[in-house]
Amino acid sequence: MTAAALPTDVSDPRRDPAAPPGEAAGGRFPPLLLIGTDFRLSPLALRERVAYEPEAAEDLLVSLLARESVAEASLLSTCNRTELYVLPRRDERPAYRSVLDTAFLPRAPEIEREGRLYVRRDAEAGRHLLRVAAGLESMVLGEPEILGQVRQAHELAEAVGATGAVTRRLLRVAAETGRRARAETAISTGAVSLGYAVVELARNIFSDLSQAGVLVLGAGETARQVVRNLLDRGARRVQVANRGAERARRLAEEHPGIETLPLEARYEALAAAEVVVATTSAGEPLLTVDGMRAALARRRPRPLLAVDLGVPRNVEEAVGRLANVFLHSIDSLDVLIQRNLRRRREEVPRVEEIVEQELARFSAWYRGLAAEPLVARLQKQAEEVRRRELAAALGRFPPETHDDLDRLTRSLVRKILHHPSTRLRGRRAGEGDEIERLDLVRELFHLGEEDDEGGGGTGGGA
C-alpha cells in the first residue's frame, strides 16, 4: 500500500464501485469514512500503542478537526479496537491520509502494512458502528461494556466540538441500537467469561452478593477478572490471599476496598466467607479436605461455594462431598460458558435485524436533510404569498375580524404544506431518483435560489 493511496482491498466489497460517495444500498447515506484496527487484525502489543486515553483522545480529535479535509470526527478506543469515524469535507482520500498521519502512524508506523487496518465507507461504516454497539463485533459476543464505551466516545467528541449533525445523530443511533439489542434479545445474557461465571454461580446460591463474604486465592490475571466481576455485581466484602505480597498490593490499588492477607491465613479467613475462589497455579492443593473440615467446624452452618479455577487443581475433589459445600471446577464453568455462548449466537439474527432497522432510520433522517432547504423555501414562499394576499384583502373586512383571518390563513397554509413537506423529508427508498424529485418540486413551485426573496405568483384562487 503506497503512502498516498486509499486502500480499496479492505473496504466494503458489496459497495457499488460506480456509486458516488454517499450512495448506499437502500438510498442516500452520508460520505462517512471509518479507519480502524481491532483484535482480529492486530496483536495486543500493537493495539496498546494505538489506544488513546481520554486526554490524548481529546488532543487527537482537535488535531483532526484542524485538518482542512475533516469536517466531523469521533474516536472509539478500547483495549480491543481503535476506530476513527470521520466525515470528509470533500474527497475522502485527504481525510483518510489525515487520520493515518495523525492517529496511527506516529504511534505505530508498521500498522500501515496491508492487513492491519480496515476501511469502511458510507453505509458500511455506519453499519459497523451499530454492530459494535450491539456487541456483534466484540471479542466476547454480546459483551456489555462496549455500549458504555460508545456513549463515552459520543460524550468526548461532543465535549471537544468534533461532532456535527451527522456524527452526532449516528452516535445516538448506535447507542439506541445497543440498548435495543440488550433489551429485546438475549445477546448479553449469561456468563461467557470465567469471572462472570463465578458471579452467576454465586447468585444461584446467594441472591444478594453484597451480603456474601468472598475469599479469592491468588492475585494473577484470573483473580483480577474474578474480583472485578464480583465488585461490579455488588460484592462488598472481598479478601485476597496470595503468597506474594506485591501482586496482592497491586490488585488492592486497582480495587480499593478489598482486603489482602497472606496465603497462610486462608483457612482462618473462611470463617467469614460464603464464596471461595482458587485461581493459582500451585503444584499441590491449597484447600485440602482435612483443612476444609477443620475450617468448617469453626464457622456457623451455612452454604459455602468453592470454585476451583486452578490448573492443576487448587481444591481436593473430596472437598465437594463435605456438608454445605458446593464445589465447581473449571470444567463445569466451561460447560456453563459454552451453553451461554450458544444462546447468544442464536440471538445474532435478531440483533442484526435491529441493526438494519436503526440503520434505515438513520438513512431516512439523512435523506430528509437533503430536502430541508427546499422545504424551508417552499414554506417561506407560501408564507410570503399568504401575507401579500391577506394584506390586499383585509380592507374588505371589518377590523375586528383581521386577527381571525390571519389565524385562518396561517392554518390553511400549514395544512396544505404538511403532507408534501413530510413526503419530501421522509421519502422511502425505491421511489425513484431523489434529485429528480427535488428538481421537479423546484420547477413546479418556482423555487430557484434566486426566488428566495419573493416570486411564486400571486394567484389567490389556488
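- Screening R203, R302, R236 for a salt bridge (charged side-chain N to carboxylate O under 4.0 Å, His left out) with E274, the sole residue that qualifies is R302.
- Residues R121 and E92 are paired through a salt bridge, judged by an N-O separation under 4.0 Å between the basic side chain and the carboxylate.
- In this structure, R127 fails the cation-pi test against F29, since its NZ or CZ atom is not both closer than 6.0 Å to the six-membered ring centre and inside 45 degrees of the ring normal.
- Looking only at side-chain heavy atoms (C-beta outward), L34 and H128 come within less than 4.5 Å of each other.
- A donor and an acceptor atom, one from each side chain of R344 and N340, are nowhere located under 3.5 Å apart.
- V226 has its side chain within reach of L309: a pair of non-hydrogen atoms, C-beta onward, lies under 4.5 Å apart.
- Between E317 and R313, at least one side-chain N (NZ, or NE/NH1/NH2) sits under 4.0 Å from a carboxylate O, which counts as a salt bridge.
- Using a 4.0 Å cut-off between charged nitrogen and carboxylate oxygen, E221 and R224 count as a salt-bridge pair.
- Around the CD atom of E55, the shell of radius 6.0 Å holds no more than 12 heavy atoms that belong to other residues, nucleotides or ligands.
- The residues E316 and R321 are annotated as not salt-bridged, no charged nitrogen and carboxylate oxygen being separated by less than 4.0 angstrom.
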Go through it in stages, so that I can follow the logic: the residues are E137 and R40, the test is salt bridge (Lys or Arg N to Asp or Glu O under 4.0 Å), and I'd like the CA-CA distance, side-chain angles, deciding distance and then a yes or no. CA-CA 10 Å; E137 299 291 335; R40 297 184 182 93; 3.1 Å; yes

Chi angles and distances behind the salt bridge (Lys or Arg N to Asp or Glu O under 4.0 Å) call for E176, R180: CA-CA 6 Å; E176 175 64 11; R180 286 188 59 195; 5.0 Å; no

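- One distance of note links OG1 of T78 with CD of E83; it measures 8.0 Å at 0.5 Å rounding.
- In this model, a donor atom of one side chain and an acceptor atom of the other lie less than 3.5 Å apart for D208 and S210.
- Taking 4.0 Å as the cut-off between side-chain N and carboxylate O, R250 and E254 do not count as a salt-bridged pair.
- Inter-residue side-chain proximity for L129 and T177 is flagged as unmet; no heavy-atom pair is nearer than 4.5 Å.
- Between E346 and R343 no salt bridge is recorded (no basic side-chain N to carboxylate O distance below 4.0 Å).
- Considering N242, V227, T222, L217 in turn, T222 is the only one that fulfils the side-chain contact (heavy atoms from CB on, under 4.5 Å) rule with T279.
- E356 CD: more than 12 foreign heavy atoms inside a 6.0 Å radius.
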Take R90 and E68, measure what salt bridge (Lys or Arg N to Asp or Glu O under 4.0 Å) needs, and give me the verdict at the end. CA-CA 9 Å; R90 287 176 293 276; E68 185 180 351; 3.2 Å; yes

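- In this structure, a donor-acceptor pair under 3.5 Å is absent between the side chains of Y196 and Q225.
- For the atom pair CZ of R107 and OG1 of T102, the computed distance is 12.0 Å after rounding to the nearest 0.5 Å.
- To the nearest 0.5 Å, atoms NE2 (H255) and OG1 (T260) are separated by 13.5 Å.
- Contact annotation: the side chain of I111 approaches that of V50 to within less than 4.5 Å [non-hydrogen atoms, C-beta and beyond].
- Nearest heavy atom pair, residue A157 against residue S74, reads CB-CB, 4.1 Å.
- Checked by atom type, the side-chain pair H154/E158 shows a donor-acceptor distance below 3.5 Å.
- Residues E259 and R237 fail the side-chain proximity criterion, which asks for heavy atoms closer than 4.5 Å.
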